[in-house]
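Throughout, numbering of the chain's residues begins at 1 and tracks the sequence. All heavy atoms count here, side chains included; hydrogens, waters and symmetry mates do not. These numbers were taken from a predicted model, which means no experiment stands behind them.
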Amino acid sequence: QKPGLELAVVSVPSYACQRHTPLLHHNITLTDALSILAENAELGENEGRGVAFRRAAALLKSLPQEVRGAEQLRGLPCLGEHSLRVIKEVLEDGVSHEVETTTHSEQFKAMKALTGIFGVGAKTADRWFKEGIHTPSDLQRSGHTLNRAQRAGLQYYDELNLPVTKSEAVAIGQIVERAVHAVLPGAEITLIGGFRRGKQTGHDVDFLITHPDEGREEGLMPKVVSWLEAQGFLLYQKTTGNSYLESKEGPARPASNMDRFERCFSIFRLSTDNEGREIQTGNGPRSWRAVRVDLVVSPYSQFPFALLGWTGSKLFERELRRWAVHEKAMTLSSHALYDRKRTLYLRASSEEEIFAHLGLEYIPPCDRNA
Ligand code: 8DG
Ligand code: MN
Ligand code: MN
């Protein structure tokens with residue numbers, strides 16, 4: 001009467017980009033445990049270990065039912081020895097000793113709190129932790145010289161760690177649209193990132209901007225930012241120009257997933273009047289909140305690649321690139337797809353065409369929650 005073989009018989013493909021991974025799935029307890037270990041590895045700058053836990057968690061997210069016993073996992077890919085051990089422990093005891101130890105460790109708690117400050121990465125946080133700085137308040141008191149991003153991150157710490165709701169994302173979208181259309185009529189604005197995958201909350205709001213007349217989008221960001229600044233919508237912004245030149249970059253694999261689009265990492269000042277919500281601050285309540293917003297500008301010809309590259313999830317993106325390289329001898333970035341055997345760039349006018357070039361079934365955004 002054990003549901004034994006049901007899951008094992010179904011063959012599950014090993015790349016996350018070959019699978020449908022919905023937002024809501026059946027193995028939250030297990031994936032939560034593995035995510036903690038992934039996070040801990042990433043905070044310790046052990047990327048390989050982090051990816052292994054993320055892949056195991058993503059596999060479980062794609063299963064059509066709850067895993068009740070370890071025997072159901074036989075034959076499934078992506079489950080390394082360490083992940084399997086953790087899964088078995090959780091299935092048998094309800095908790096994993098390693099996960100418990102991690103969540104209670106001073107270092108993990110401190111690293112999470114410090115990297116939770118906008119502008120602070122794992123390296124910086126680790127340096128501070130070793131100096132005895134464990135919390136944002138410790139940092140405030142330490143008298144350390146902070147850069148502009150970190151100062152803003154510290155100033156709006158509590159709000160930026162409050163989830164952004166879908167309705168807040170929509171409100172931000174309306175402001176971005178007004179700004180973009182004021183400086184470039186006909187430009188198109190698309191909500192990307194987690195919200196495009198159907199998430200109801202996010203840590204930020206991401207937008208991709210383009211214009212059907214190639215070239216019209218050039219230099220757009222500084223104009224949009226000036227408009228937003230003049231209207232008092234920005235608490236912080238850092239704009240980076242486009243540095244992508246197909247001829248110069250060539251087909252070589254970029255060093256990281258950082259792309260070269262014109263972009264702006266910002267903090268918006270969003271009125272909360274409409275939601276009837278007040279934000280509590282050290283200086284009393286107020287009727288606006290800080291929201292992290294990422295803006296990216298793409299030339300029209302690269303738009304499908306940018307859309308695919310910025311919709312996420314991060315693991316789904318990583319798996320797409322890994323699939324491209326190892327299974328297809330192609331290089332995928334947020335700008336282009338290069339076929340190394342035929343030594344040519346493959347054009348695409350939609351995400352569907354990119355999946356087709358890659359020999360993959362089309363996976364819609366709502367199923368890219370790997
Ligand atoms: P969340 O904000 O709801 O928490 O999740 P998310 O929307 O999936 O994460 P994100 O950190 O906002 O990233 C959105 C996507 O953008 C993600 O798939 C990674 C992708 N991305 C690139 N290039 C770059 C880059 O240079 N920096 C960042 N931060 N993200 C990038 O394609
Ligand atoms: Mn996001
Ligand atoms: Mn983002």
Practice item. Test side-chain hydrogen bond (donor to acceptor under 3.5 Å, both in side chains) on Gln237 and Thr239 and set out the steps. Key: CA-CA 6 Å; Gln237 66 84 18; Thr239 303; 2.7 Å; yes
Practice item. Could you walk me through whether Leu332 and Trp323 pass side-chain contact (heavy atoms from CB on, under 4.5 Å), step by step? Key: CA-CA 9 Å; Leu332 175 68; Trp323 167 271; over 6 Å; no
Exercise for review: Go through Glu317 and Lys314 one step at a time and tell me if the salt bridge (charged side-chain N to carboxylate O under 4.0 Å, His left out) criterion holds.
Suggested key: CA-CA 5 Å; Glu317 303 297 338; Lys314 286 197 178 83; over 6 Å; no
Check your understanding: What's the verdict on side-chain contact (heavy atoms from CB on, under 4.5 Å) for Thr21 and Leu315, showing C-alpha distance, side-chain angles and the deciding distance?
Key -> CA-CA 11 Å; Thr21 314; Leu315 184 74; over 6 Å; no
Review point. Step by step, would you call Val297 with Phe261 a side-chain contact (heavy atoms from CB on, under 4.5 Å)?
Key: CA-CA 6 Å; Val297 174; Phe261 291 119; 5.9 Å; no
Review point. Could you walk me through whether His26 and Gln65 pass the side-chain hydrogen bond (donor to acceptor under 3.5 Å, both in side chains) check?
Key: CA-CA 5 Å; His26 311 279; Gln65 65 199 79; over 6 Å; no
Practice item. Please test Leu295 against Phe265 for side-chain contact (heavy atoms from CB on, under 4.5 Å), starting from the C-alpha separation and ending with a verdict. Key: CA-CA 7 Å; Leu295 305 174; Phe265 296 133; over 6 Å; no
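Remark: Glu361 pairs with His20 by the side-chain hydrogen bond (donor to acceptor under 3.5 Å, both in side chains) rule, at least two apart or across chains. For the side-chain hydrogen bond (donor to acceptor under 3.5 Å, both in side chains) test, residues two or more places apart in sequence or in another chain that qualify with Trp310 are Asp259. Under the side-chain hydrogen bond (donor to acceptor under 3.5 Å, both in side chains) criterion, Glu131 pairs with His144, not counting sequence neighbours. Residues meeting the side-chain hydrogen bond (donor to acceptor under 3.5 Å, both in side chains) test with Asn40, sequence neighbours left out: none. Under the ring pair (Phe, Tyr, Trp, His ring centres under 6.0 Å) criterion, Phe129 pairs with His134, not counting sequence neighbours.
Taking 4.5 Å as the limit, some side-chain heavy atom of His326 sits within range of a side-chain heavy atom of Tyr15. The closest side-chain heavy-atom distance from Met111 to Asp126 is below 4.5 Å. Considering only heavy atoms from C-beta on, Ile87 comes within 4.5 Å of Leu60 through its side chain. The side-chain heavy atoms of Thr124 and Leu114, taken from C-beta on, include no pair separated by under 4.5 Å. Considering only heavy atoms from C-beta on, Leu139 comes within 4.5 Å of Leu146 through its side chain. Between Glu66 and Thr29, the closest side-chain pair of non-hydrogen atoms is not below 4.5 Å. Using a 4.5 Å heavy-atom threshold, the side chains of Arg55 and Glu319 count as touching. Side-chain contact between Arg197 and Leu23: absent, with no pair of heavy atoms (C-beta onward) separated by less than 4.5 Å.
Here the CZ-CZ distance, from Phe195 to Phe207, works out to 8.5 Å after rounding to the nearest 0.5 Å. Between the CG atom in Asp339 and the NE2 atom in His357 there is a gap of 9.5 Å [rounded to 0.5 Å]. We find the OG-CG distance between Ser298 and Leu220 to be 11.5 Å, quoted to the nearest 0.5 Å. Here Ser301 contributes atom OG and Tyr345 contributes atom OH; the two are 12.0 Å apart, rounded to the nearest 0.5 Å. To the nearest 0.5 Å, atom CG of residue Asn242 and atom CD of residue Glu218 are 8.0 Å apart. Rounding to the nearest 0.5 Å gives a distance of 10.5 Å between CG of Leu160 and CD1 of Ile117.
In this structure, Tyr156 has its ring center no closer than 6.0 Å to that of Tyr236.
The salt bridge (charged side-chain N to carboxylate O under 4.0 Å, His left out) pairs that include a residue from residues 31-46 are Glu39-Lys112, Glu42-Arg54, Glu45-Lys123, where partners are two or more places apart or lie in different chains. Annotation: salt bridge (charged side-chain N to carboxylate O under 4.0 Å, His left out) contacts involving residues 12-22, sequence neighbours excluded, are absent. Residue pairs that meet the side-chain hydrogen bond (donor to acceptor under 3.5 Å, both in side chains) test with at least one member in residues 157-172, sequence neighbours left out, are Glu159-Arg286, Thr165-Ser167, Thr165-Glu168, Ser167-Glu275, Glu168-Arg277, Glu168-Arg289. Pairs of residues two or more places apart, or lying in two chains, that qualify as side-chain hydrogen bond (donor to acceptor under 3.5 Å, both in side chains) and include a residue from residues 88-100 are His82-Glu98. Applying the salt bridge (charged side-chain N to carboxylate O under 4.0 Å, His left out) test to pairs two or more places apart or on separate chains, those with a residue in residues 140-150 are Asp138-Arg141. Note on residues 203-212: no pairs pass side-chain hydrogen bond (donor to acceptor under 3.5 Å, both in side chains), not counting sequence neighbours.
The hydrophobic clustering, which links ILVMFWY residues whose side-chain heavy atoms are closer than 4.5 Å, places Leu270 and Phe233 together. There is a path of hydrophobic side-chain contacts, each under 4.5 Å, that joins Leu360 to Phe305. With hydrophobic clusters built from ILVMFWY side chains whose heavy atoms lie under 4.5 angstrom apart, Leu34 does not share a cluster with Ile28. Side-chain heavy atoms closer than 4.5 Å link hydrophobic residues (I, L, V, M, F, W, Y) into clusters, and following such links, possibly through other members, connects Val205 to Trp227.
Checked by atom type and distance alone, the side chain of Ser105 never pairs as donor or acceptor with a backbone atom of Thr101 at under 3.5 Å. Judged by distance alone, the side chain of Arg368 and the main-chain N or O of Ile363 form a donor-acceptor pair under 3.5 Å. Under the 3.5 Å distance criterion, the side-chain polar atoms of Asp213 are left unmatched by any main-chain donor or acceptor of Arg216. Put simply, the side chain of Gln18 never gets that close to the backbone of Pro13: no donor and acceptor are under 3.5 Å apart. No donor-acceptor distance shorter than 3.5 angstrom exists from the side chain of Asn147 to the backbone of Gly119, with no hydrogens or angles considered.
Leu337 and Met330 make their closest contact through CD1-CB, 3.9 Å (heavy atoms, listed as atom of the first residue, atom of the second, distance). Of all heavy-atom pairs between Leu59 and Leu76, the closest is CD1-CD1, 4.1 Å. The two residues Phe53 and Ser83 come nearest to each other via the heavy atoms CD2-OG, 3.4 Å. Minimum heavy-atom separation, Val86 to Leu37: CG2-CD1, 3.6 Å. Nearest heavy-atom pair across Tyr300 and Pro304 is O-CD, 4.0 Å. Residues Val176 and Phe268 share a closest heavy-atom pair of CG2-CZ, 4.0 Å.
Through side-chain heavy atoms spaced under 4.5 Å, either directly or across other Ile, Leu, Val, Met, Phe, Trp or Tyr residues, Val95 is tied to no other residue.
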